[in-house]
Structure formats: C-alpha cells, structure tokens
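Below: the structure, in structure tokens.
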There are 2 protein chains.
Amino acid sequence: MAINNTENINTWLSHLHEETKFSISVDCVIFGYDEAALKVLLMDCNMPPYEGKKSLIGDLLQKQETTDEAAKRILENRTLLTDLYLEQVNVYSNPFRHPLGRVITLAYYSLINIEDYENQIVDAENKQLEWKTLATIDDLAFDHLEIVKDAYARLQRTVREVPIGFSMLPKKFSLIQLQNFYETVLDIELDRRNFRRKLMALGLLIDLKEFQDNVAHRPAKLYSFDFEKYKQKKNIGTLNFEI
Amino acid sequence: MAINNTENINTWLSHLHEETKFSISVDCVIFGYDEAALKVLLMDCNMPPYEGKKSLIGDLLQKQETTDEAAKRILENRTLLTDLYLEQVNVYSNPFRHPLGRVITLAYYSLINIEDYENQIVDAENKQLEWKTLATIDDLAFDHLEIVKDAYARLQRTVREVPIGFSMLPKKFSLIQLQNFYETVLDIELDRRNFRRKLMALGLLIDLKEFQDNVAHRPAKLYSFDFEKYKQKKNIGTLNFEI
DNA sequence: TTGCTTTGCGTCAATTTAACACAAAGTAAT
DNA sequence: ATTACTTTGTGTTAAATTGACGCAAAGCAA
C-alpha cells in the first residue's frame, strides 16, 4: 500500500515535467450595452499573421493566481472598474490556435455599463481600446471570433435566468430601456405591455419616483433594480426570474 | 509598426517560459443512472494526503491533444464506450488544490448508460472502479467534491433543455422510467399524467409496440427516442424541448 | 390650442399548466 | 377460476399564464 502510493506519486511527478506544461492565457469578452446595441471591447492585434485585426483583451495566467483572479486583474487593469460580473465560458485548446506556440486559453465574459467607462480604456501600449458592435464583428485574430460567439450564446442563456443585465444598464433606467436591452441581447421582439406586466410582477424593481427629462414626449418613470430583494427571494427559493 | 510587432512578440515569448507554464489535468465526472439513482464513477485515490478517499477519473493533458480529445481518451480508456456525451464544466485553478504542485484542472461531465457498462471499468492499476450514488458522496480527494457539485448543477440545467438524458437510459424505456429519471436528476416530483402528455406532445418518442415483461403488474409500453426527428426539428427551429 | 410622440395601463381570448379519479392489464394467491 | 393486488394508461376541468390589442395620459413643439 505504501509502495503503491510511492509508485503512484512517482508516476505523477514524472509526468509533471516540461513536456506536459502549457502556457495559459485568460481572454475576456467584455460586453457593453449602448445606444440599443450590444458591443464588445476589442484591442488591436499586432502579432503576425494577425496584424490589423482586432482581438480580445487577455493576458497570460501568472504563477500564483487563479484564473478568476487573472480575469479580474485583466478587467480591472483595462476598465478601472471593480466588482464586475465575470463568468467562465470555455477552454480553447487547439494546439495550433496560437502562432507563437501552444497557448491554451480560458475565456471569460463580463458585462459593463458603458456609461461608467468614459472612454478611459487603453491597452498595454496605451492605445485606446475600441467598442465594436457585436453584430458587425466578423473577423478577429486567433480563434477569438469563435470565443465571442460562444460567450454571446452563454450571455443569452444566462441573461434570461439571472438578472445580470442590470450591470450593463445605467443605475436608473426606464422600463423601455430595460425592454430594449432584452430585445437587443436576445434578438427578439417583446410586447411592451406584456413585458411591463411580467417585470412588475417580479417585484424586483424600485420605483424611484423620478422621470426622464429633456425628452420631446412623455417622460418615462425611472427604476432601479432591487438587488437586496433579489438575494432574499433567491435564498428563500421564491424566485422565478425568467424573461 | 514592424518594430512594434517585434517588440510585442518578444514580450510574449519572454512570457512563454517555464514560470508561466502549468500542468493541466482533465477530470471527468461520469454520471450513470441505475435503479432510480444517479451515480458517479469514482476511483480510489492513493495519493497523500488523500489516501483512502475516492477521486474522479482524470489524466494529464498531453502535448498534442485538445482538452476535448483528452476527455474523450480518458473516457474511452476507462469505459470502453465511444460516442459518449461530453460537456465542459469549469476550470479549477487554485494554486494549492493539488498536493504535488500546481495542477490546473478542467472538468468535463459525461453521461453513460450503466447497462452498457457491464462492470468492466478498471483504473490504470486494473482496480475496479466504483459507481457511487451521488446523494451519498460527501467527501472526495482534492477539490473533486466541488467539481461533482458543479457538474451536477450543470447537468440539471442542461437536461431540461437538451435531450441528453436518453444517453443514460436503456435504448428501450417506458414513460415511467423516463419520468423517474427526470424526477431523480431534477430532484422534483412530476405528475404522471401531465408528464406523459408533455412528452407525447413533443412527438420525439417512437412507440416500439413492445411491452415490458416479467413484471407483476400491467406491463408498460416501451419507447425509444427519435434522435433523427430531434435533429430535424432542431434545425428547422420547431423545437421546444423543455421538461 | 393642436398635433406629435412615447409612456402607461386594462381587457379578453388562447394557451398552458396543475390537480385530480377511474378503468385496464397483467401477476399472484386462494 | 375467482379475487386481490399492483402498476399502467387516459380525460376533464379549473386556474394561471401568455399573447394580442386599443386607448388615454404626459410632455414638447409648432
């Protein structure tokens, strides 16, 4: 038994060598919502053969950090925002996906409120990053287009089940804005009146008793999302958040 | 521009060194369904300090394979079955999760029909692997308990949206068996009559015109799942598979 | 004051879901 | 062969949810 253990460990150790060690990068698909369009934050890729193309924002995993920490680090470095929503998407491990050698990447996606961002986002060389409308993205460096598609599919699924969309909206929003958001992300049309009914029935919106101004029509009521009540309801199991 | 590229590449290359390379393992949560219980295939862990505990079945990622290929290899080696359902769960990257050094693991889960398995499954040392009822698993080596929980949560979500459950059932099954399966996996109770109605309405079950035998009561009709029709309907977009 | 645009609400029909009871098919026991 | 027992298989009805739709209200602009 003891011998067995030792053998087993030695087997393991012998495998833990250079040959089976890999560089790991963490790439972030940062979604933002603005002007009724879903956007993704991209940087210029200047690595052959992908010069001139855009790529996701990422970095290599460092020695003592978890992948979650790496994703958080990358995001905070770039956006200067904290407490961002982060979710793992997938691992991309094609041996030839990276021109400089084998790099396995773990993709995350994140949602940010473009209002908060205020154009401060730059890359490592201080070049401005660019928000690109998701629908217009058709070519990216590496396998990043596939990653973006997977992340979007995941976002579409998650946004219906969990109120993550509120991270992408202003703190104060109108029901119409909220509806537009769901219509954009899910790529469907919703009936205004039925949408309102459903959302109000959830009981998770706080009526701020405030209104839009500077609009050439009836101003809309503003709401915020009641994260506290959401947590409570979720814990009790009372919740059926389903858009 | 050219200089920029070179710099950039050098920056990358300098990072692609030993310090930021990691061993990667692929661990499989193999679910099986039998006797109205959901089970997980486990092996004995004889690595200190986890001697005596059970662990998931896994292996190190090899130099030229993708993680999907690694998961498939591991599964086929152990179960001797091919064409198994496989889905990525999550990456587990705590630097101290493995006693022999940093090993980042990617978990997959898979579903197999215990009938097909016929007790042939052995580990690398030819020791019989063990099916353990999910509900009774409360302690595993490494962070494998967390992995099993995550995989189960993922299974619960996916099983409602995609007909993956049929991989875990006999090819010929009764509606009651099917209902029991969903009740077990989702941990809910379903009304027999409403369940039947819903399933029949899907139009994806083939009535085999066969019946159970050797049962001390009215024998149940047997069905099989119409994978062909499912693919068709899915492609046309006619489908609403929602248990 | 009128017209324009967008917000906000209520109703009604259609669909879906939930709850429920009883007959039918077979085996086992007498 | 009759009866008891167990499990399968089906239909009906009320309640809840969803979908479709029209119209009044609020504000700005002309």
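Each chain gets a letter, A, B and so on, in the order the sequences are listed, and its residues count up from 1.
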Worksheet item: Listed by chain and number, what are the side chain to side chain contact (heavy atoms under 4.5 Å, CB included) partners of A107(A), not counting sequence neighbours?
Response: V89(A), Y92(A), I147(A)

Worksheet entry | Range on DNA chain C touched by chain B, heavy atoms, distance below 4.0 Å | dT17(C) to dT27(C)

Discussion item. Base contacts versus sugar-phosphate-only contacts with protein, heavy atoms under 4.0 Å: please encode nucleotides 9-18 of chain D as B, S and - from 5' to 3'.
Written reply: BBBB-----B

Discussion item. Any heavy-atom pair between the side chains of V26(B) and D59(B) that's under 4.5 Å?
Written reply: no

Worksheet entry | Distance-only side-chain donor-acceptor flag, E87(A) / Y85(A), under 3.5 Å | yes

Item to complete: Could you tell me whether the side chains of D68(B) and Y108(B) share a donor-acceptor contact shorter than 3.5 Å?
Response: yes

Item to complete: Could you tell me whether the side chains of D27(A) and T105(A) share a donor-acceptor contact shorter than 3.5 Å?
Response: yes

Discussion item. Suppose we screen for ring-ring contact (aromatic ring centres under 6.0 Å, His included). Which residues come up paired with F142(B), at least two apart in sequence or across chains?
Written reply: Y50(B), H98(B), H144(B)

Practice prompt. Round to the nearest Å and state the distance from D213(A) atom CG to dA26(D) atom C1'.
Written response: 14 Å

Worksheet item: In dot-bracket, 5' to 3', how would DNA chain D read with Watson-Crick or G-U wobble pairs under 3.5 Å, [ ] for crossing ones and | for pairs to another strand?
Response: ||||||||||||||||||||||||||||||

Fill in: Polar side chain donor-acceptor pair, S93(A) to T67(B), under 3.5 angstrom
yes

Worksheet entry | For atom CD of E189(A) and atom C1' of dA20(D), their distance in whole Å | 14 Å

Worksheet item: Would you find a donor on one side and an acceptor on the other, under 3.5 Å apart, between the side chain of K233(A) and the backbone of L202(A)?
Response: yes

Worksheet entry | Set of residues satisfying side chain to side chain contact (heavy atoms under 4.5 Å, CB included) with respect to D213(A), sequence neighbours excluded | none

Worksheet item: How about Q232(A) and E228(A): does a side-chain donor come under 3.5 Å of a side-chain acceptor?
Response: no

